[in-house]
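A short write-up of the structure that comes next.
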Amino acid sequence: MTKKPFYFEVSSKLPGALARTGVIHTPHGDIETPAFIVVGTKADVKAMVPEMVHDVGAQAVLANAYHLYLQPGHDLIARAGGLSKFMHWNGPTFTDSGGFQVLSLGSGFKKVLAMTTDVDAELAIARKGDRHAWVTDDGVKFKSHLDGSFHFFTPEFSMQIQHGIGSDVAMAFDELTSLADSRAYQEKALARTHAWADRSLAEMQRLNAATPDYYQALFGVLQGANYEDLRKETATWMAERDFDGFGIGGALEKDEMGTIIRWCNEILPENKPRHLLGIAEPDDIFAAIEQGIDTFDCVSPTRVARNGSAYTPSGRVNIRGKQYIDAFTPVFEGCDCYTCQHYTLAYINHLARAKETLSGTLLSIHNERFIIKLVDDIRESIKDGTFYEFRDRFLTAYYRR
RNA sequence: GCUGGAAUCGUGUAGUGGCAAUCACAGGAGACUGUAAAUCUCCCGCCUUUCGGCUUCGUAGGUUCGAGUCCUACUUCCAGCA
């Protein structure tokens with residue numbers, strides 16, 4: 001019996017919890033889990049070259065089907081030899097389906113994605129006609145944020161794009177809802193996400209059958225907002241299908257995140273990897289890993305870096321602050337990243353004030369290293385049974401201020 | 001020296017007789033979770049927690065019910081001419 005080029009092996013478990021360590025095997029290499037996957041939306045990790053991405057310990061990169069379809073086009077990436085070759089990343093790659101853009105360009109357009117349900121005020125100011133995405137049962141109509149042209153994404157088309165891009169792991173095309181949406185809408189959207197998941201799976205199987213030397217894994221994506229019955233329903237539904245792994249999505253209410261993930265992961269099969277989409281804050285990472293999440297991705301480390309913030313053991317700090325003008329110390333003592341080994345806060349503060357792009361690069365290196373090392377340390381703490389001690393010590397220091 | 005122009009928030013500006021302070025930058029604080037994001041929000045003359053109060057358009061006069069705006073002188077700067 002031959003194994004698929006993509007498979008997952010659990011290597012250890014935390015007694016009494018869902019947390020586990022393991023290895024995801026992909027055609028482009030292995031990923032030791034839990035792992036933080038860095039985001040490279042447009043086939044680049046913003047402000048970093050792949051050598052830096054490798055040096056911070058990243059094991060995989062996640063790009064986006066919507067962005068790469070618009071520019072430069074998945075056909076071109078296919079002609080270039082696939083995403084990893086195109087962007088010179090010698091490692092595994094994931095792609096998101098464009099499902100996130102259903103919300104970020106649709107009902108969530110021009111709004112901050114709420115991590116709480118207290119969003120009535122935001123809904124009240126939502127302006128009709130000011131969106132770039134419209135959902136129908138068949139798919140999503142997008143108005144390009146680049147040139148205003150219209151494009152229609154179906155689950156099949158998203159698979160074709162992702163297969164063309166050539167990532168190791170594709171995501172099923174899903175509809176991300178807002179916590180502000182009604183219960184009735186959540187049910188409707190979840191039914192649609194299920195229909196789309198079936199269509200995504202059928203299309204991916206067809207595409208894989210047509211390319212004997214290339215197998216692209218497909219993750220089914222779980223929605224259901226913060227409703228226990230919907231989350232359990234979708235977990236059961238997804239578990240019955242032949243996905244290679246699963247993504248847990250949705251704008252998750254922060255306080256309920258661990259609980260929601262537990263509802264899903266108690267039902268999902270143990271032998272397939274579970275990815276948590278778009279999460280990186282330390283408390284969320286601990287909660288998710290405790291409840292059995294294997295991989296994460298998030299834009300936060302690079303985005304906040306370009307906006308002048310650095311992760312530290314005592315919380316996220318805005319390094320543009322006046323008090324760092326003459327701080328001739330690293331971002332924090334003891335950090336093992338390239339930036340902290342060679343540059344001072346004062347220097348990065350200067351670069352940020354001078355609007356030099358190097359500040360974004362140096363802070364991106366630092367922030368990616370910080371989150372990756374955190375997840376690496378959590379992985380080791382699961383192996384040696386010190387997960388809870390490590391969590392309590394870390395989070396107490398991180399949120400002390 | 002002559003002629004013309006200019007002077008408004010830290011800086012550059014808007015305001016051409018009717019409640020001065022527009023816009024930008026600089027400065028201060030904050031936000032950012034499957035990237036419409038090297039972006040966005042708020043503050044930014046003084047006092048006040050708020051409500052609100054007070055001050056101020058180079059200087060000194062003048063005209064006018066009322067002047068940043070018109071007039072006179074002065075100061076400083078800019079341009080041209082000598």
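Every heavy atom of this structure was used, including side-chain atoms; hydrogens, water molecules and symmetry mates were not.
- Which of B/rG34, B/rA37, B/rC32 sits closest to the side chain of A/R316 comes down to B/rC32.
- Comment: A/E228 does not engage A/R231 in a salt bridge, judged by the lack of any side-chain N to carboxylate O separation of less than 4.0 angstrom.
- Per the geometry, NE2 belonging to A/H132 stands 15 Å off C1' belonging to B/rU35, to the nearest Å.
- At a cut-off of 3.5 angstrom, the base of B/rU35 holds at least one donor-acceptor pair with the side chain of A/T302.
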Between the protein and nucleotides 25-29 of chain B, list the N/O to N/O atom pairs that are separated by less than 3.5 angstrom.
from: B/rG28; atom 1: OP1; to: A/R353; atom 2: NH1; distance (Å): 3.2
from: B/rG28; atom 1: OP1; to: A/R353; atom 2: NH2; distance (Å): 2.9
from: B/rG28; atom 1: OP2; to: A/R353; atom 2: NH1; distance (Å): 3.1

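- Rounded to an integer number of Å, the gap from A/K46 NZ to B/rG34 P is 12 Å.
- Considering only heavy atoms from C-beta on, A/W196 stays 4.5 Å or farther from A/S158 through its side chain.
- Between the side chains of A/Q162 and A/Q216, not a single donor N or O lies within less than 3.5 Å of an accepting N or O.
- For A/I279, the side-chain atoms get nearest to B/rU33 when compared with the rest of B/rA38, B/rU35, B/rU33.
- Atom CD of A/Q101 is separated from atom C1' of B/rU35 by 8 Å (rounded to the nearest Å).
- Using a 4.0 Å cut-off between a side-chain N of Lys or Arg and a carboxylate O of Asp or Glu, A/D244 and A/K272 do not qualify as a salt bridge.
- For A/N64 and B/rU35, a side-chain-to-base donor-acceptor distance below 3.5 Å is absent, hydrogens and geometry of angles not being considered.
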